[in-house]
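Everything below concerns the one structure shown next.
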Amino acid sequence: MARILITSAIPYINGIKHLGNLVGSQLPADLYARYARARGHEVLFLCATDEHGTPAELAAAKAGMPVADYCAEMWQVQKRLSDGFRLSFDHFGRSSSPQNHRLTQHFAGRLADNGLIEERSERQVYSNADGRFLPDRYIEGTCPNCGYDRARGDQCENCTKQLDPTDLIEPRSAISGSTDLEVRETKHLYLLQSRLRDDLRDWIDRQEGWPVLTTSIARKWLDDGDGLQDRGITRDLDWGVPVRRGDRDWPGMEGKVFYVWFDAPIEYIACAGEWADAQELSQSDWERWWRTDKGAENVRYVQFMGKDNVPFHTLSFPATLLGSGEPWKLVDYIKSFNYLTYDGGQFSTSQGRGIFMDQALELLPADYWRWWLLSHAPETSDSAFTWEAFQAGVNKDLADVLGNFVSRVTKFCRSRFGEVVPEGGEETPEDAALIAEISQKVAAYQDHMDAIQVRKAAAELRGIWVAGNEYLQAAAPWAAFKSDPARAAAIVRLSLNLVALYAGLSRPFIPDAAEAMAEAMGVAPEWPEDVAAALHRLPPGAAFRTPDNLFRKVADDERDAWQARFSGGAA
RNA sequence: GGGCCUGUAGCUCAAUUGGUUAGAGCAGAGCGCUCAUAACGCUUUGGUUGGGGGUUCGAGUCCCUCCGGGCCUACCA
């Protein structure tokens, strides 16, 4: 029994996320959270929307809404979709929460008190037409290197040369197209991460077993060029956490907000506060997860994220926590993921290419997506979504191997013995061998889940399902029924127990089907800490219900129709 | 340009970190079963581990080089 704090990278607010986003953070985090709870650990699983920054302001403007209203509405949308995918967050918060405002300002104050924040003057491009400063990538113009006329202020996408906005020929606002731009002087706060470089490196070096993806990105940032760079943590925007030094004003910083990447990770902590408030708990109830002086010293903290998020979670956020000088809990394990590609290219929000969470749930129930995405999680390299593979995977694994097993067992029993767990018959060495095999496979499954090896865990779970079919085929209760009905009863009894066992084991991956299996067997979907005992769990004579088929198959023509529909262009 | 990751059967992936004959699933072929969603089970075809060179008793694994794919490169998040 341990205490495990789990956070998923918080999804940005400006629209519905696609399946690539989902499989890179929220879905594996949910898998692990569900597993940890099933094993009896105390879990706090948190996620939230990431609401600040320029893209949120622009998306709200495009929707013709005040940004606060837009975010509130999009939070509702994302919450509903999270529920649809059965993401079991203990709380789904918002980075715009009052709790996060206070905490972000608190951290800034602590960092300033510790000499880790510096005010710097810099020159940035201001658009008079848009009435705002423009981040580099929101400035377009002609590339001085290759002549491409839609180069961005940070980099030319055509020749990949890195640019400064002032390098562009005929620069214009990417938002309005206006060329009425000027360079203005503005002051910003910088977090002096460079001073924490050695502390951060020591901390990274102490970690064992982190994915190569995680540590290599962290080391690259620590050692690249002049080493870890200081980072501006404020912006000239309206929407965000107002810059304050703790609970005091910050002279010279009026009208500015903290940079979204400064306040977003802090929301992991603030979200625990939101959770406590929502549950009518006290401050100490969330602090025991986050403060090592208040109970968090024995918490294991695991983060899930896509690879693009790694620098902020390995460096910036730890710098914030370490630099505060306060005993905040640092992450113990960072599980990072590569990208899921769609039919050979990138999922693209702007081009409407790929499948988005709302669309996915219109096509098929959550379990189909959860199973396929998790069993193909991009752990070692980018992995590809194709409709052919998706169809083959869900049809074979879910409908044929698992669904059909439940169907053949329950329907055979119903037709020969009725809808009750049959009594009588001796347990044979064949049965004992199955129990031993399942026990061994469950141990392997648990090892993979403990190590957060998602694909290996999925493969092992599938193997456990397959073992049921192998057993049934070899034991052949339909043959035994004619010569030795008692033996057939024993085989069927064990097989029905397998269905109940599968419910508990499968629940982290496919929670709805697991519930259906458990309900049919008249039990709760519990984790089999003792497999042998679990396989004798159903009392002879107990009633069960033959469930509807757990999974339908994806037909070739609907696969083709979906492929055509989601080929892109139709945003 | 620099850095990181990656390349294994037609496809998707393993391979206990240098150790026997490189393994699974899917797809293909054959057989079996008839309880079941034409499902299940058994058997089986299929590999010069991207090419070349090197180190080693031994290389998918380490080194060099070439070729291909991907990502990151710090003011998008």
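In what follows, chains are A, B, ... by sequence order, proteins preceding strands, each numbered from 1.
- Taking a cutoff of 4.0 Å between a charged side-chain nitrogen and a carboxylate oxygen, A:Glu558 and A:Arg552 qualify as a salt bridge.
- When the P atom of B:C75 is taken as reference, atom CG of A:Leu237 falls 14 Å away, rounded to whole Å.
- Under the 4.0 Å criterion applied to side-chain N and carboxylate O atoms, A:Glu379 and A:Lys456 are not assigned as salt-bridge partners.
- Relative to the side chain of A:Gln473, the nucleotides B:C33, B:C71, B:C42 differ in distance, and B:C33 lies closest.
- Here the separation of B:A59 from B:U49, taken at their C1' atoms, is 11 Å to the nearest Å.
- When the nearest nucleotides of RNA chain B are assigned to A:Ala474 and A:Ala392 by heavy-atom distance, the more 5′-ward of the two goes with A:Ala392.
- Remark: aromatic rings of A:Phe317 and A:Phe312 are distant, center separation not under 6.0 Å.
- Donor-acceptor pairing under 3.5 Å, judged by distance alone, is absent between the side chain of A:Tyr339 and the base of B:C72.
- Nucleotide B:U20 carries an anti base; the chi torsion (O4'-C1'-N9-C4 or O4'-C1'-N1-C2) is more than 90° from 0.
- Rounded to an integer number of Å, the gap from CG of A:Asp556 to P of B:A38 is 15 Å.
- A side-chain donor-acceptor contact under 3.5 Å links A:Arg455 and A:Thr380.
- For the pair A:Glu437 CD and B:G41 P, the interatomic distance rounds to 12 Å; values are reported in whole Å.
- In summary, A:Arg219 and A:Asp205 engage in a salt bridge, as defined by a charged side-chain N under 4.0 Å from a carboxylate O.
- Nucleic acid contact class of A:Pro55 (heavy atoms, under 4.0 Å, all strands): sugar-phosphate only.
- For A:Lys396, counting side-chain heavy atoms from C-beta on, the closest listed nucleotide (B:C40, B:C76, B:A77) is B:C40.
- Across B:C76, B:U37, B:G41, the shortest atom-to-atom separation from the side chain of A:Val466 is found for B:G41.
- The shortest distance between the side-chain N/O atoms of A:Arg219 and the OP1/OP2 oxygens of B:C4 is not below 4.0 Å.
- Heavy atoms of A:Lys220 sit under 4.0 angstrom from at least one base atom.
- Ion pairing between a basic and an acidic side chain is recognised when a charged N comes within 4.0 Å of a carboxylate O; A:Asp154 and A:Arg152 show such pairing.
- Residue A:Glu470 is classed as a sugar-phosphate contact, given heavy-atom separations below 4.0 Å to backbone atoms only.
- Applying the side chain to side chain donor-acceptor pair (under 3.5 Å) criterion to A:Asp230, with sequence neighbours excluded, gives A:Arg120, A:Ser194.
- In the set B:C75, B:A39, B:A77, B:C75 carries the atom at the smallest distance from any side-chain atom of A:Gln124.
- A:Leu550 comes within 4.0 angstrom of a base, heavy atoms only.
- Contact check, A:Tyr471 against B:C40: no side-chain N or O comes under 4.0 Å of OP1 or OP2.
- Nucleic acid contact for A:Asp136: sugar-phosphate only, since backbone atoms but no base atoms lie under 4.0 Å from a heavy atom of the residue.
- Between B:G69 and B:C63, the distance separating the two C1' atoms is 23 Å to the nearest Å.
- By the 4.0 Å N-to-carboxylate-O rule, A:Glu182 lies too far from A:Arg123 to be salt-bridged with it.
- For the 3.5 Å distance criterion, the side chains of A:Ser95 and A:Glu267 fail to qualify, holding no donor opposite an acceptor.
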Quick one: what's the B/S/- string for nucleotides 8-16 of chain B, heavy-atom cutoff under 4.0 Å, read 5' to 3'?
-> ----SSSS-

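- Atom CD in A:Gln391 sits about 15 Å away from atom P in B:C26, given to the nearest Å.
- Within residues 408-416 of chain A, the residues having any heavy atom closer than 4.0 Å to RNA chain B are, in order of number, A:Arg408, A:Lys411, A:Phe412, A:Arg416.
- Taking the C1' atom of each, B:U55 and B:G46 are spaced 33 Å apart, rounded to whole Å.
- Between A:Tyr138 and A:Phe133, the ring center distance fails the sub-6.0 Å criterion.
- Rounded to whole Å, the separation between the C1' atoms of B:C31 and B:G7 comes to 37 Å.
- Across residues 486-498 of chain A, not one residue has a non-hydrogen atom less than 4.0 Å from an atom of RNA chain B.
- Stem regions for RNA chain B, each three or more consecutive Watson-Crick or G-U pairs with both distances under 3.5 Å and listed by first number, read B:1-7 with B:67-73, B:10-13 with B:23-26, B:28-32 with B:40-44, B:50-54 with B:62-66.
- Side-chain atoms of A:His188 and A:Thr234 form a donor-acceptor pair, as typed in the model, at a separation below 3.5 Å.
- In this structure, of B:A77, B:C40, B:U37, it is B:A77 that holds the atom nearest to the side chain of A:Phe312.
- When the C1' atom is compared between B:A9 and B:U45, the two are found 11 Å apart, to the nearest whole Å.
- Under 4.0 Å is where a charged nitrogen must lie from a carboxylate oxygen, and between A:Glu460 and A:Arg462 no such pair does.
- Closest to the side chain of A:Tyr138, out of B:G41, B:C26, B:C76, is B:C76.
- Using a 4.0 Å heavy-atom cutoff across all strands shown, A:Gly53 reaches sugar-phosphate atoms only and no base atom.
- In the set B:A39, B:A77, B:C26, B:A77 carries the atom at the smallest distance from any side-chain atom of A:Thr54.
- Note on A:Gly227: a base of the nucleic acid sits closer than 4.0 angstrom, heavy atoms only.
- Judged by distance alone, the side chains of A:Asp431 and A:Tyr471 do bring a donor and an acceptor atom under 3.5 Å apart.
- Following rounding to the nearest Å, A:Phe337 (CZ) and B:C71 (P) show an atom-to-atom distance of 18 Å.
- Contact check on A:Asp238 versus A:Arg132 returns no salt bridge, with no Lys/Arg side-chain nitrogen under 4.0 Å from an Asp/Glu carboxylate oxygen.
- A:Arg552 comes within contact range of no nucleotide atom at all, as no heavy-atom separation falls under 4.0 Å.
- The side chain of A:Asp400 lies closest to B:A39 when the candidates are B:U34, B:A39, B:C76.
- At whole-Å resolution of the value, CH2 in A:Trp465 and C1' in B:A24 are 16 Å apart.
- Residues A:Trp75 and A:Glu51 form a side-chain contact, since some pair of their non-hydrogen atoms from C-beta on lies under 4.5 Å apart.
- Base engagement by A:Ala399 is indicated by at least one non-hydrogen atom pair under 4.0 Å involving a base atom.
- Not a single donor-acceptor pair, N or O on each side, falls under 3.5 Å between the base of B:A39 and the side chain of A:Asn404.
- For A:Trp478, there are no ring-ring contact (aromatic ring centres under 6.0 Å, His included) partners, not counting sequence neighbours.
- Among the atoms of the strands shown, none is found under 4.0 Å from any heavy atom of A:Glu388.
- Between the side chain of A:Trp261 and the base of B:A77 there is at least one donor-acceptor pair of N/O atoms closer than 3.5 Å.
- Note: A:His313 and A:Phe304 fail the aromatic proximity criterion, with ring centroids not under 6.0 Å apart.
- Looking at heavy-atom distances under 4.0 Å, A:Asp50 makes contact with sugar-phosphate atoms alone, never a base.
- B:U16 and B:G50: their P atoms are spaced 16 Å apart (whole Å).
- Between A:Trp371 and A:Trp465, the gap from one ring centroid to the other is short of 6.0 Å.
- As rounded to whole Å, 13 Å separates atom P of B:C40 from atom CZ of A:Phe405.
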